[in-house]
Amino acid sequence: MIPELGHYALVLALALGLVQAIVPLAGARWHDTALMRLGSSTASMQFVFVAVSFLALTACYVTSDFSVSSVFENSHSQMPLIYKVTSVWGNHEGSMLLWVLILSLFGALVALFGNNLPETLKANVLAVQYWIACAFYHFILLTSNPFLRLAQAPLEGRDLNPILQDIGLAIHPPLLYLGYVGFSIAFSFAIAALIEGRIDAAWARWVRPWTLAAWMCLTVGIAMGSYWAYYELGWGGFWFWDPVENASLMPWLAGTALLHSAVVMEKRNALKIWTLLLAILAFSLSLIGTFLVRSGVLTSVHTFASDPKRGVFILAILVLFIGGGLTLFAWRAPMLKQGGLFAPVSREGALVFNNLFLTTACLTVFVGTLYPLALEALTDEKISVGAPFFNLTFAPLFIPLMFAMPFGPLLAWKRGDVLGVAQRLMAAFAAALLAIAVTFVVTGMSSALAPFGIGLALFVMAGALTDLVERTGLFRLPLATARMRAAGLPRSTWGTAVAHFGIAVTLFGIVCQTWASERIVALKPTQTVELAGYDLTFDGMVQHAGPNFRELAAKFTVRSGGVPIGVMEPSKRSFASRGTTTTEAALMTRGVSQLYLSLGDTNDDGSIAVRLYHKPMVLLIWLGAVVMMLGGGLSLSDRRLRIGAPKPATKSVLQPAE
Amino acid sequence: MRALGKLALLIALALPGVTHAVTPSEMLKDPVLESRARNLSRELRCMVCQNQSIDDSEAPLAKDLRLLVRERLTLGDSDKQVLDFLVSRYGEFVLLKPRFEWHTLLLWGVSPAVLLIGVFALVMMARRRSAVIASPPALSEAEQRRLSTLTGPSSANVD
């Protein structure tokens, strides 16, 4: 009964979605307020129906109803409750339901909080939002129905892929989807603006909070995914340039560019057409990401099921929305008026520089990810594009971007003085040089380039602080005045500084991995291995039994300077239901550095192969992303976004458009 | 080669799914050669895996390749010779960083080209704009006359 209820609710959501996709649009065309307002109520109702559907599916998983095909394929009655819930979206069907749940959530939020939007814009935005929703409702109902029943209900499920039975997976996909789908709002706003043929600074102000919220989720989502891969895949890397990772990085790069160009549009009424294009691109890249992951064009851990029918369907959605969006853009964008002149050296100029490098970086990832597919399709030639390619092409684009980062916020709008800014950044330069010198002294000449990376990270951090110091007048003015000015500073200024600081923290963590050390050895019980000042003694093997797996762990006592500081237990888990084994690395956190220990084969002579890493400052990579998210949050809480765009106080007479 | 095959079989028969990437038994005694081998391993793809280098991969094929790389290195091959040897044997698919050739022209060329075009377009736009700002349209004759009547006597005074 419950699965049918969920299925029915989803069909109802589709029916409402079809109404929603057409009626408000017609209302906006004919200036019919009643028709336009219908959009708000259908949007909220749709969310309710999709939520009912999602809850119904969750109920099936929690009660282990194996008569439902997707539950049988991906769940097990002995799994802990948390993984029963997370396996709702740990498979293709359920994850698509999560996708539309978030899509309808965002639509409902626009309906609810968009009261300060012009009525026609709101109606158009909601209509466009539900074009997307309808496409995905159809996709789920026609090709990936999560509520499909089996004729005969099996007694036990096939279990969730063990590698996905992890708390990291519980958080990673919803965050990523919040990011992907959040960009759909920016897309809908862009299409609505193109339909209306009108766009102004207020538009940027309405789009910004949605983009910012999506960007925050995506940032942390990517970081979560990276950390999950780091500790779960067992070889200690944090970014593999896997096509699936690239699929999430591309929308992030485009979204970051969008955030910055929207600032120019809001403050200076310039870069309008470019901002529109970026809004379309950010969501298009999210769709491409979904296509890459879901279609089975690539097969990896993330591709739960590969079915050509689904791939073709998603490709059709892709062509429809990206092609349609870009066509509409090409047709209507030239009609939009450009505003706001600025000199090349100015805040606007710096933001254009940022956009140029971010979009080029995004393009690099795009080409690198899709080139092998395209080449093989066209010429049957097979090539591989992997980490060495991306490291070589991506990093050179990020270095100038990071170097310019402290300059941007210090430059004046319209016409800036780059020498003046450089003077104000003297302290930051000094900090960077000092850091380079210290790094060379401490690490010797082990790497010629890495100390400069450290210097760059320090420069960006110090630059972010300089911005705050300059604005509050700290060290120049009396402390009380500085404190008052700090309190009066817009939160978006704090947000900028914090987010820029965050990316520098991440950079710092990444560069520090140059000095990561590694030992690969075979050990017998009571033998000791030494790395980076830690001694690890292999005490012997121990057995544990988990709820749905058996675990063979190797117990190590860790000593630092002869003093025991803890125990590490890397293990192998075997899951009977799927007959698979996973390696669970053991991590020991010391400050922000980590010891990483993972198990290899057991040899005939009783020794066991282990891989031991010391990863200095490794946690900074992900902490930096959290700091970036906090910066986004500060910016999101800025007064002008909370209060919304100013409205004319009196009802002025509307001027005819042409 | 027989020994290699036997070894691969043993590895394949060991724990299902999870074995290790580089194992202690594979490693070379000479630390310089070994670090060269590791660096090369990171550039080479495990052809039966999804986007994994042979350094990361646990597949038997990756192990074979790792041993092969080490064998070539101990025979005195240069890094380039090792790569050439592997490409001649397995095709260019084995390289994670494709070589710059005509069929990878777009792969390597697109982003630098776009960056350059972007910079060029921005410079042109900035020039056009500064030209607009720098040279406002010339005054009409009537405006010129009015200007000279306004400034005429005072400019004489200044001199």
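Letters A, B, ... mirror the listed sequences (proteins, then strands); counts begin at 1.
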For B/C46, what residues pass the disulfide (SG to SG under 2.5 Å) criterion, not counting sequence neighbours? B/C49

Check whether B/L106 gets within reach of chain A through its side chain, its backbone, both or neither, counting any heavy atom under 4.5 Å.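 Answer is both: backbone and side chain atoms of B/L106 are under 4.5 Å from chain A.
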
Given heavy-atom pairs under 4.5 angstrom as the criterion, report whether the side chain, backbone, both or neither of [X] touches chain B.
| X | value |
| --- | --- |
| A/T393 | side chain |
| A/L397 | side chain |
| A/L375 | side chain |
| A/V367 | both |

Value for CD1 (A/I520) from CE (B/M27), rounded to nearest 0.5 Å, stands at 4.5 Å

In Å, rounded to the nearest 0.5 Å, how long is the span from CZ of A/F389 to OG1 of B/T104?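 Rounded to the nearest 0.5 Å, the CZ-OG1 separation comes out at 9.0 Å.
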
Taking salt bridge (Lys or Arg N to Asp or Glu O under 4.0 Å) as the test, write out the residues that go with A/E376, two or more places apart.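 If we apply the salt bridge (Lys or Arg N to Asp or Glu O under 4.0 Å) test to A/E376, skipping adjacent residues, there are no hits.
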
Ranking B/R42, B/R45, B/E92 by heavy-atom pairs under 4.5 Å to chain A gives rank one to B/R45

Among the options B/R38, B/M47, B/E43, pick out the one with the most heavy-atom pairs lying under 4.5 Å from chain A.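 The option with the most such pairs is B/R38.
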
Count the heavy atoms belonging to other residues, nucleotides or ligands that lie under 6.0 Å from [atom1] of [X], then report whether that count exceeds 12.
| X | atom1 | value |
| --- | --- | --- |
| B/E143 | CD | yes |
| B/R146 | CZ | no |
| A/D605 | CG | yes |

Residues in ring-ring contact (aromatic ring centres under 6.0 Å, His included) with A/F238, at least two apart?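 Result, ring-ring contact (aromatic ring centres under 6.0 Å, His included) vs A/F238: none returned.
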
Step-by-step side-chain contact (heavy atoms from CB on, under 4.5 Å) determination, A/T379 to B/H103: CA-CA 9 Å; A/T379 66; B/H103 67 274; over 6 Å; no

Looking only at heavy atoms, which of residues 107-120 of chain B get nearer than 4.5 Å to chain A? B/L107, B/W108, B/V110, B/S111, B/V114, B/L115, B/G118, B/V119

A/S384 side chain to B/F93 backbone, donor-acceptor under 3.5 Å: yes

